[in-house]
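Along the sequence shown, residues carry numbers from 1. Just so it is clear, the model here is predicted, and its values are computed rather than measured. What you see below is based on every heavy atom in this structure, not just the backbone, and it leaves out hydrogens, waters and symmetry mates. Numbering of ligands and ligand atoms starts at 1, following listing order.
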Amino acid sequence: MKKDPIILAIESSCDDTAVALMQGNLVLSHVIGTQKIHSSYGGVVPELASRFHQKDIVPLVRRAGALANINQKQLNAVAFTKGPGLIGSLLVGANFAKSLAMALEIPCIGVHHVQAHVLAHFIKIQGRLPPEFPFLCLTISGGHTQIVYVEDYFQMTVLGQNLDDAVGEAFDKSAKIMGLEYPGGVWVDRYAQKGDPLKFPFSKPRVKGLDFSFSGFKTQFLYFIQKQLAIDSDFIKKNLYDLCASVQHTLVNILLDKVLQAMAQTNISQLALAGGVSANSGLRQRFLRASEEKGWRLYILPLEYTTDNAAMIAMTAQLKYARSLFDNLDIVATSCCEWDS
Ligand code: KG4
Ligand code: ZN
């Protein structure tokens with residue numbers, strides 16, 4: 001019987017250096033080097049991110065190989081994130097992958113980062129079946145907020161998306177206003193669990209169709225905090241849990257309203273959640289409740305495959321490998337790129 005191909009994948013679109021080895025849809029190993037340095041700057045410093053990718057990439061590739069007990073000679077292809085992302089960061093992963101593919105004389109495969117977040121749902125996970133086509137995917141990360149109509153692996157249509165800030169930015173910027181460390185989404189989630197989500201009602205933006213806007217929310221929150229701090233300089237400290245719970249409640253409701261609209265419009269009852277913000281525990285609970293009420297089938301990934309990781313790049317590369325969708329070695333990573341179709 002023919003063995004499934006083994007693919008090494010690199011993800012370096014932002015501030016995480018991630019490496020995975022995958023055979024078919026089975027993850028053999030995946031490792032992530034998170035760059036802690038950015039938290040002290042309150043956001044990702046692109047120049048520093050590229051330098052740390054350079055430093056970390058070879059040790060992480062070695063670690064992934066050792067964990068999976070796979071050597072270079074066993075590889076059938078090398079994959080990497082071709083965009084979107086920070087160009088300096090992308091170039092480190094792309095150049096590493098292309099050089100390795102050239103040296104080993106095996107195909108190289110460039111993968112679209114956001115498409116990979118969606119296709120992460122096809123990674124083999126014990127006790128879990130992948131979604132059936134067609135399904136909708138709410139893809140929510142630091143750079144994207146999209147409702148995607150997924151007809152097939154490489155047939156995806158964006159039904160609606162963020163017109164300005166992505167929802168991850170809304171989480172992170174609200175957190176920054178409250179003085180929390182970058183990336184703040186995870187802190188908002190943690191503190192929200194102890195707070196009252198209805199304590200501070202914030203208004204939701206009115207945006208046509210299935211698109212999203214989060215920049216107005218951020219401004220509303222900033223003005224509210226400034227006003228309260230002028231009255232009581234300890235306002236944030238005294239109300240941190242309720243503030244986080246109220247921010248999270250508002251952002252999750254904005255997402256859910258649009259998803260309800262999209263599900264009704266398309267008459268589809270399968271929904272997948274993807275991207276870093278889908279790690280949010282309040283969001284998971286709210287969407288689980290909605291799916292029970294509405295009779296949807298809801299697909300949620302384990303946390304390790306929601307935030308940036310290389311297993312999702314490897315999964316997408318496996319699907320491209322099966323279709324002989326290889327790239328030439330002159331492929332260039334770009335900060336903005338088209339989906340594969
Ligand atoms: O998908 P991802 O890891 O990277 C991008 O492609 O952008 O998403 C990162 C985003 C950040 O904004 C981060 O704050 C957010 O996901 N995030 C969360 C949580 N974990 C990560 N937001 C809310 N709650 C969380 N638990
Ligand atoms: Zn991502």
Side-chain angles (χ1 to χ4, degrees), residues 9-18 20 30 32-35 38-39 42-44 46 49 80-86 89-90 93 111-121 137-146 148 161-162 165-178 180-193 195 197 212 214 217-218 243-255 272-287 300-313 315-316 335-337 339:
I10 312 285
E11 149 61 33
S12 68
S13 62
C14 193
D15 58 339
D16 291 319
T17 321
H30 86 109
I32 301 178
T34 300
Q35 302 176 0
H38 305 288
S39 62
V44 177
F80 63 96
T81 304
K82 63 179 176 180
L86 299 172
S89 292
L90 289 166
V111 169
H112 189 287
H113 180 90
V114 185
Q115 205 164 20
H117 269 302
V118 178
L119 295 174
H121 279 276
C137 187
L138 177 67
T139 312
I140 39 181
S141 69
H144 294 82
T145 305
Q146 295 182 329
V148 187
Q161 59 189 323
N162 53 310
D165 290 355
V167 65
E169 278 176 282
F171 267 103
D172 295 343
K173 287 178 179 172
S174 305
K176 196 171 176 180
I177 292 168
M178 292 185 279
L180 303 176
E181 238 180 51
Y182 177 85
V186 70
W187 293 108
V188 173
D189 185 351
R190 205 165 291 173
Y191 295 140
Q193 290 169 27
F212 298 90
F214 289 100
F217 172 81
K218 176 196 65 191
L243 283 168
C244 288
S246 302
V247 164
Q248 185 170 293
H249 178 75
T250 310
L251 296 177
V252 170
N253 274 341
I254 294 171
L255 296 170
L273 303 180
V277 179
S278 71
N280 184 273
S281 60
L283 179 137
R284 287 173 170 237
Q285 280 165 23
R286 186 68 196 91
F287 274 77
I300 303 184
L301 288 163
L303 293 185
E304 61 187 324
Y305 300 137
T306 58
T307 43
D308 285 351
N309 65 89
M312 67 185 196
I313 304 299
M315 183 65 243
T316 309
S335 51
C336 210
C337 68
W339 290 29

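Here His117 reaches the Zn ion (ligand 2): one of its N/O/S atoms is less than 2.8 Å from the metal. Residue His113: an N/O/S atom is found under 2.8 Å from the Zn ion (ligand 2).
Within the 3.5 Å criterion, the main-chain N or O of Val252 finds no donor-acceptor partner in the side chain of Arg286. For Thr145 (side chain) and Val167 (main-chain N/O), a donor-acceptor pair under 3.5 Å exists by modelled atom type. Asp172 places a side-chain N or O within 3.5 Å of a backbone atom of Gly184 that can act as its donor or acceptor partner. Asp16 contributes no side-chain N or O that, together with a main-chain N or O of Ile32, makes up a donor-acceptor pair within less than 3.5 Å. The backbone N or O of Leu273 lies less than 3.5 Å from a partner atom in the side chain of His121, making a donor-acceptor pair.
Only the side chain of His117 comes within 4.0 Å of ligand 1, judged by heavy-atom distances.
Closest protein heavy atom to atom 1 (O) of ligand 1: Gly276 N, 2.9 Å. Considering only non-hydrogen protein atoms, atom 24 (N) of ligand 1 sits nearest to Asn280 ND2, 3.0 Å. At the shortest separation from atom 13 (C) of ligand 1 among protein heavy atoms lies Asp172 OD1, 3.8 Å. Nearest non-hydrogen protein atom to atom 15 (C) of ligand 1 is Val277 CG2, 3.9 Å. Among all non-hydrogen protein atoms, the one lying nearest atom 22 (N) of ligand 1 is Gly185 CA, 3.6 Å. For atom 10 (C) of ligand 1, the closest non-hydrogen atom of the protein is Gly142 N, 3.5 Å. Distance from atom 2 (P) of ligand 1 to its nearest protein heavy atom, with residue and atom name: Asp308 OD1, 3.3 Å. In this structure, the protein non-hydrogen atom closest to atom 26 (N) of ligand 1 is Asp189 OD2, 2.9 Å.
Ligand-side atoms of ligand 1 in range of Ala279: 20 (N), 26 (N), range being under 4.0 angstrom from any heavy atom. Short contacts between ligand 1 and His113, defined as distances under 4.0 Å to a heavy atom of the residue, involve ligand atoms 6 (O). Close contacts between ligand 1 and Ser141 involve ligand atoms 1 (O), 5 (C), 6 (O), 7 (O), 8 (O) [criterion: under 4.0 Å to a heavy atom].
No side-chain donor from either of His144 and Gln161 sits under 3.5 Å from a side-chain acceptor of the other. For the 3.5 Å distance criterion, the side chains of Glu11 and Ser13 qualify, holding a donor opposite an acceptor. When only modelled atom types and interatomic distance are considered, Asn309 and Glu304 share no side-chain donor-acceptor pair under 3.5 Å. In summary, the side chains of Gln146 and Thr139 do not present any donor paired with an acceptor at a separation below 3.5 Å, with no hydrogens or angles considered.
The shortest non-hydrogen separation linking Cys337 to Pro84 is SG-N, 4.0 Å.
Heavy-atom separations between Gln248 and ligand 1 are all 4.0 Å or longer. Judged by the shortest distance from any of its heavy atoms, Gly143 lies inside the 4.0 Å radius around the atoms of ligand 1. For Arg190, the heavy-atom gap to ligand 1 stays at 4.0 angstrom or more.
The N, O or S atom of Asp308 lying closest to the Zn ion (ligand 2) is OD1.
For ligand 1, the polar-atom distance check against Val186 finds no nitrogen or oxygen pair separated by under 3.5 Å.
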Exercise. Go through the steps to decide whether Phe80 and Ile313 satisfy the test side chain to side chain contact (heavy atoms under 4.5 Å, CB included), and finish with yes or no.
Key: CA-CA 7 Å; Phe80 63 96; Ile313 304 299; 5.7 Å; no
